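Bear in mind that the values here come from a model prediction, so they are computed numbers and not experimental data.
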Amino acid sequence: GGAASAGGGQLRAEDLRGFERSVHLALERLLGEWTTAGFADVPPATAALAHPTVVGDVRFAVPEWRAVIEVGLPQDLFEVAGQSRDAQPPPWQRLPALRMRLLRRLGWHVVEVPFQEWRSLTDGLQQRQFLRGHLREALHALRERERAEEAARERAERERNDKDACRDDRGEATGASAAAAAAARVSVGGAD
């Protein structure tokens, strides 16, 4: 099953080009192996096609881990035969470096898969090892973000509790001061 693409249609695995298809197949197999193995430190995840983000749809993502897999196609780097320099590239292909920078700033871990490097990997095992190494970095980054968010929540809770305690202390002190002032008025009034 594919996700909706920017054009409103469906992007399916069979619509991918050869290089993209091999990356997608290796990614799906790797995630399946990790899920089947049931590693305690690896949360279950799925490969998503044309996953929507604030920056726009990304071709490949592992949304549960906030990881994007950017496949560097040869046509990203070179002019495609028959296409003029003035022709607009598809939305997902525009300014890959800017898109990756923005995704990183938004908390996504971007795994770059350069065409030449992927092509040099001789078999599916090497391809999965390449992805495994980069996705471990994504998992580490995810755990760090989760720890930071938990620490921020705990800090906010402590600050909220401290403020409540200060209000309670002021309320008791104000109440005690008011009682003392009333007692002083009574004693002063009684002396008249």
Side-chain angles (χ1 to χ4, degrees), residues 1-6 10-77 91-156:
S5 69
Q10 294 289 318
L11 179 63
R12 301 171 312 204
E14 53 271 12
D15 296 331
L16 299 173
R17 290 167 272 188
F19 171 50
E20 290 178 310
R21 190 175 301 116
S22 72
V23 172
H24 182 256
L25 291 173
L27 177 62
E28 281 193 323
R29 183 164 177 194
L30 174 63
L31 293 174
E33 289 170 357
W34 274 351
T35 300
T36 303
F39 297 116
D41 63 336
V42 179
T46 56
L49 293 174
H51 183 73
T53 68
V54 180
V55 177
D57 290 358
V58 292
R59 300 284 280 180
F60 303 107
V62 182
E64 298 88 349
W65 300 351
R66 291 196 54 84
V68 169
I69 292 77
E70 278 287 330
V71 177
L73 298 166
Q75 53 267 44
D76 290 343
L77 306 172
W92 58 266
Q93 191 177 341
R94 290 188 193 128
L95 304 170
L98 175 60
R99 182 178 56 246
M100 288 186 277
R101 240 184 348 262
L102 290 171
L103 286 166
R104 285 183 178 113
R105 297 275 288 188
L106 291 168
W108 288 85
H109 183 83
V110 179
V111 175
E112 295 181 58
V113 182
F115 173 76
Q116 294 296 342
E117 191 171 344
W118 188 262
R119 203 170 91 175
S120 72
L121 302 173
T122 58
D123 62 17
L125 178 60
Q126 285 185 341
Q127 292 170 345
R128 288 191 308 281
Q129 287 174 338
F130 173 88
L131 290 173
R132 183 179 294 116
H134 289 287
L135 288 173
R136 283 183 195 268
E137 293 172 15
L139 283 172
H140 177 73
L142 176 67
R143 283 190 213 100
E144 289 299 314
R145 274 193 308 275
E146 287 172 347
R147 282 188 205 113
E149 289 169 359
E150 180 62 27
R153 277 192 298 275
E154 289 173 0
R155 205 171 29 257

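- Residues Glu70 and Arg99 have side chains in contact (heavy-atom distance under 4.5 Å, counting atoms from C-beta outward).
- Going from atom CG of Leu30 over to atom CG of Leu125 covers 10.5 Å, rounded to the nearest 0.5 Å.
- Rounding to the nearest 0.5 Å gives a distance of 11.5 Å between CZ of Arg128 and CG of Leu121.
- Each of Leu49, Ile69, Val71 was checked for a side chain to side chain contact (heavy atoms under 4.5 Å, CB included) with His24, and the lone residue meeting it is Leu49.
- Shortest non-hydrogen contact noted between Ala67 and Leu135 is CB-CD2, 4.1 Å.
- In this structure Arg132 satisfies the salt bridge (Lys or Arg N to Asp or Glu O under 4.0 Å) test together with Glu33, sequence neighbours excluded.
- Arg66 CZ: more than 12 foreign heavy atoms inside a 6.0 Å radius.
- Side-chain atoms of Trp108 and Val58, non-hydrogen and from C-beta on, never get closer than 4.5 Å to each other.
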Result block: side-chain N/O donor-acceptor pairs under 3.5 angstrom for residues 34-48, not counting sequence neighbours:
from  : atom 1 : to    : atom 2 : distance (Å)
Thr35 : OG1    : Leu31 : O      : 2.9
Thr36 : OG1    : Gly32 : O      : 2.8
Thr46 : OG1    : Glu64 : OE2    : 3.1

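- Across Leu103, Val55, Val62, a single residue satisfies side chain to side chain contact (heavy atoms under 4.5 Å, CB included) together with Val68, and that is Leu103.
- Listed by chain and residue number, Arg143, Glu144 satisfy the side-chain contact (heavy atoms from CB on, under 4.5 Å) test with Arg147 (two or more places apart in sequence, or in another chain).
- Applying the salt bridge (Lys or Arg N to Asp or Glu O under 4.0 Å) test to Arg105 and every residue at least two apart in sequence or in another chain returns nothing.
- With sequence neighbours excluded, the residues satisfying ring pair (Phe, Tyr, Trp, His ring centres under 6.0 Å) with His134 are Phe130.
- Across all their heavy atoms, Leu131 and Leu27 have their closest contact at CD1-N, 3.6 Å.
- A ring-centre distance under 6.0 Å is not found for Trp65 and His140.
- Listed for the Arg21 side chain is a donor-acceptor partner under 3.5 Å among the backbone atoms of Leu16.
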Show, in sequence, the C-alpha distance, side-chain angles and deciding distance for Glu20 and Phe60, and conclude whether the side-chain contact (heavy atoms from CB on, under 4.5 Å) test is met. CA-CA 9 Å; Glu20 290 178 310; Phe60 303 107; 3.9 Å; yes
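- Using a 4.5 Å heavy-atom threshold, the side chains of Leu98 and Arg101 count as touching.
- Residues that satisfy the side-chain contact (heavy atoms from CB on, under 4.5 Å) test with Glu154, not counting sequence neighbours, are Glu150, Arg158.
- Under the rule for a ring pair (Phe, Tyr, Trp, His ring centres under 6.0 Å), His109 has no partner lying at least two apart in sequence or in another chain.
- Applying the side-chain hydrogen bond (donor to acceptor under 3.5 Å, both in side chains) definition to pairs two or more places apart or across chains, those involving residues 112-121 are Ser22-Trp118, Arg104-Glu112.
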